[in-house]
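First listed ligand is number 1; within each ligand, the first listed atom is number 1. Quick note: numbers below take in every heavy atom, side chains included, and nothing from hydrogens, waters or symmetry partners. The structure displayed is predicted, hence computed values, not measured ones.
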Amino acid sequence: MALVNEHFLKLPNNYLFADIAKKVNAFKVMQPKAEIISLGIGDVTQPLAPVVIEAMHKAVDEMSVQASFRGYGPEQGYDFLRQAILDNDFLPRGIHLDIDEIFINDGAKSDTGNIQELIRWDNSIGVTDPIYPVYIDSNVMIGRAGVVEDGKWSNVLYMPCTAENNFTPQIPEHRVDVVYLCYPNNPTGTVISKQELRKWVNYALKNDSIIFYDAAYQAFITDPSVPHSIYEIRGARKCAIEFHSFSKTAGFTGVRCGYTVVPKELTAATIGGERIELNRLWNRRQCTKFNGTSYISQRAAEAIYTPDGKKQIQQTIDYYMQNAKLMLSTFRKLGFEVYGGENAPYIWLKTTNGNSWKFFEELLYGANVVCTPGVGFGPSGEGYVRFTAFGSHEKTQEALQRIEKWSV
Ligand code: PLP
C-alpha cells in the first residue's frame with residue numbers, strides 16, 4: 001500500500017485567491033450586472049516590451065532551422081543570460097559574482113519553494129509576518145513547519161511586521177536556522193534599509209544561520225539608499241541565497257523566467273561538523289530535477305538588459321508606479337492609513353474596522369472593487385488589505401473613483 005505524504009493534509013484546503021474567487025463569484029450571482037474591478041491578485045496587465053517580442057521571434061526562427069535548433073539547454077541556464085545578469089544586476093552595484101553562482105529558473109516561485117530541500121527537515125525557520133505564502137507552505141509539505149496552533153505553525157517563528165513597528169521585523173533573541181526575508185515586501189510594499197539588512201546578515205553570520213532573500217520586486221525600488229540585493233551587505237555571500245524574477249520586472253508572469261543566486265562561499269554543516277557548499281548541492285538538485293528554462297524565455301530575458309530593453313521595461317515599471325502614486329494620494333485624501341507603494345507595486349491599507357475579510361466584502365459590495373485580505377498572508381496581516389498597482393491606468397482610476405464615492 002502506498003502511503004500518502006500526510007504533511008500535505010495539514011495545509012489549509014483553500015488557497016487565498018481561491019477563497020477570494022469564491023466570494024467574488026457569490027457576489028456575481030447576486031449582482032450579475034455589476035462590473036467588478038480587481039486590484040487583488042498581483043498579476044501584471046501590460047504587454048511585453050518590444051525588444052522582448054523581437055528576441056522571442058528571433059529565437060523561434062532559430063528553432064525552425066536545424067543548424068540553430070536547440071534542444072535541452074544547460075540545467076543552470078545559458079551563459080549569455082547568466083553573464084547579462086552579472087554585468088547588469090550585480091557589477092554596477094559593486095557585487096562580483098561568479099557565473100556558476102547564478103541559476104536560471106522558470107520563475108522565483110519554484111525556487112523559493114524548492115530551496116528548503118537543501119536543509120534538513122528539523123531545521124528551525126523564521127518568517128516575517130505577513131508573508132508570501134509559498135515560504136511556509138513549502139516547509140509544511142515536508143513536515144518542517146509542525147502543526148497549526150492558533151493560526152500559526154508550531155515550528156515557525158513569526159516576526160510581526162505592522163504599522164506599530166514600522167514594518168521592521170525584530171531580530172530574534174534566540175537562534176533560528178533559516179530566515180526568509182522578502183524586500184521590497186509582498187504584501188506590505190515596504191522596504192528594508194541597508195542598516196537593518198546589515199543587522200540580519202550579522203545575525204546570520206553570528207548564529208551560523210541562512211537567509212533566503214526574495215528580491216522579486218527589486219526593480220521597483222526608487223529610493224537610491226534602499227538595497228536591491230542582500231549582497232550589497234558585506235558578508236552576505238557567506239549566509240544568503242537570493243531569488244530574482246523577471247515576472248514583475250518585465251511582465252514575464254506568462255513567459256516564466258527568473259534566477260537564483262547561490263554563492264560558493266555559503267556552506268552548511270553536516271551533523272558531523274563538515275562544511276558543505278550549498279552551491280554544489282543546488283547544482284546537483286537542479287541537474288536531477290530541472291531541465292532548464294526554455295531557450296526562447298532566456299533569449300527574451302537577455303533582451304531586457306540591452307539599452308533599449310532597459311528603457312522599455314523601465315517605462316512599464318513607471319506606468320505601474322504611477323498607479324501606486326495615485327492610489328497612495330487618493331487613499332490618504334480619504335483618510336486611510338496606507339503603506340508601501342513608493343518602492344513596490346503594492347499598497348497596504350489599514351482597514352477602519354480592523355477586519356480584513358469584512359473590509360474586503362464591504363468594498364466588494366459597496367464599490368465592486370476587489371482587494372486582497374491581509375490576513376491571508378499571515379496573522380499579522382489581520383486588519384489590513386493589499387491593493388496591487390499592476391492594473392491599467394483606466395481601471396485603477398475608475399476603482400479609486402468608486403472607492404471615493406463609497407467611502408464618503
Ligand atoms: N516572490 C514573491 C514575493 C512574489 O510575490 C512572487 C509572485 O507573486 C514570486 C516570488 C514568484 O514569482 P514568479 O514565480 O512569477 O517569478
**Student:** Students should be able to answer this: which protein heavy-atom is nearest to atom 11 (C) of ligand 1, and at what distance?
**Tutor:**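 Nearest protein contact, heavy atoms only, for atom 11 (C) of ligand 1 is Tyr132 OH, 3.3 Å.
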**Student:** Establish, for the pair Lys10 and Trp153, whether the NZ or CZ atom is under 6.0 angstrom from the six-membered ring centre and no further than 45 degrees off its axis.
**Tutor:**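 Verdict for Trp153: no cation-pi partner in Lys10.
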**Student:** State whether the number of non-hydrogen atoms from other residues, nucleotides or ligands found under 6.0 Å of Lys325 atom NZ is greater than 12.
**Tutor:**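 At most 12 heavy atoms, drawn from other residues, nucleotides or ligands, come within 6.0 Å of this atom.
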**Student:** Is ligand 1 less than 4.0 angstrom away from at least one heavy atom of Phe246?
**Tutor:**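 The answer is no: ligand 1 sits nowhere under 4.0 Å from a heavy atom of Phe246.
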**Student:** Does Arg299 count as lying over the ring of Phe80, i.e. NZ or CZ under 6.0 Å from the six-ring centre, within 45 degrees of the axis?
**Tutor:**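 Arg299 over Phe80 ring: yes.
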**Student:** Compute the shortest N/O to N/O distance between Ala216 and ligand 1 and return yes if it is under 3.5 Å, no if not.
**Tutor:**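 No; every N/O pair is 3.5 Å or more apart.
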**Student:** Between Tyr259 and Asp111, do the side chains contain a donor N or O and an acceptor N or O under 3.5 Å apart?
**Tutor:**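 No - no donor-acceptor pair under 3.5 Å links their side chains.
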**Student:** For this output row, return yes or no: ring centroids of Phe103 and His244 closer than 6.0 angstrom.
**Tutor:**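 No - the distance between ring centres of Phe103 and His244 does not fall below the 6.0 Å cut-off.
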**Student:** For ligand 1, find out whether one of its N or O atoms is nearer than 3.5 Å to an N or O atom of Thr112.
**Tutor:**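 It does not: no N or O of Thr112 is found under 3.5 Å from an N or O of ligand 1.
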**Student:** Looking only at heavy atoms of Gly258, does any of them come nearer than 4.0 Å to an atom of ligand 1?
**Tutor:**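 Under 4.0 Å: no for Gly258.
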**Student:** Select one of side chain, backbone, both or neither to describe which atoms of Cys182 lie under 4.0 Å from any atom of ligand 1, heavy atoms only.
**Tutor:**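 It is the side chain that touches ligand 1; the backbone stays farther off.
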**Student:** Once the angle between the rings of Tyr217 and Phe220 is folded into 0 to 90°, is it parallel (under 30°), tilted (30 to 60°) or perpendicular (over 60°)?
**Tutor:**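 Rings of Tyr217 and Phe220: tilted, as their planes differ by 30° to 60°.
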**Student:** Would Phe387 and Phe331 count as a close aromatic pair, with their ring centres under 6.0 Å?
**Tutor:**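 Yes.
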**Student:** Which is it for Tyr217 and ligand 1 at heavy atoms under 4.0 Å: side chain, backbone, both or neither?
**Tutor:**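 Side chain only.
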**Student:** Just to be sure I'm reading this right: ignoring hydrogens, which of Cys257, Ser245, Pro345 gets closest to atom 16 (O) of ligand 1? Compare them by their nearest heavy atoms.
**Tutor:**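 Heavy atom nearest to atom 16 (O) of ligand 1 belongs to Ser245.
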**Student:** Quick one: look up the protein heavy atom nearest atom 7 (C) of ligand 1 and list residue, atom name and how far away it is.
**Tutor:**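 Scanning the protein heavy atoms, the shortest distance from atom 7 (C) of ligand 1 goes to Lys248 NZ, 3.5 Å.
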**Student:** Show me which atoms of ligand 1 lie under 4.0 Å from any heavy atom of Ser247.
**Tutor:**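 By the 4.0 Å cutoff, the relevant atoms are 13 (P), 15 (O), 16 (O).
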**Student:** Hey, which atoms in ligand 1 end up nearer than 4.0 Å to a heavy atom of Asn186?
**Tutor:**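 Selected atoms, number and element: 3 (C), 4 (C), 5 (O).
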**Student:** Indicate the ring-plane relationship of Tyr135 and Tyr180, choosing parallel, tilted or perpendicular according to the 30° and 60° boundaries.
**Tutor:**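 Parallel, since the angle between the ring planes stays under 30°.
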**Student:** Would you call Thr253 a ligand 1 contact, heavy-atom distance under 4.0 Å?
**Tutor:**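 It does not, in that no heavy atom of Thr253 comes within the 4.0 Å cut-off of ligand 1.
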**Student:** How close does the nearest protein non-hydrogen atom get to atom 1 (N) of ligand 1, and which residue and atom is it?
**Tutor:**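 Checking every protein heavy atom, the shortest distance to atom 1 (N) of ligand 1 gives Asp214 OD2, 2.6 Å.
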**Student:** Atom CD of residue position Gln314 - does it have more than 12 heavy atoms of other residues, nucleotides or ligands inside 6.0 Å?
**Tutor:**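 Check passes, neighbour count above 12.
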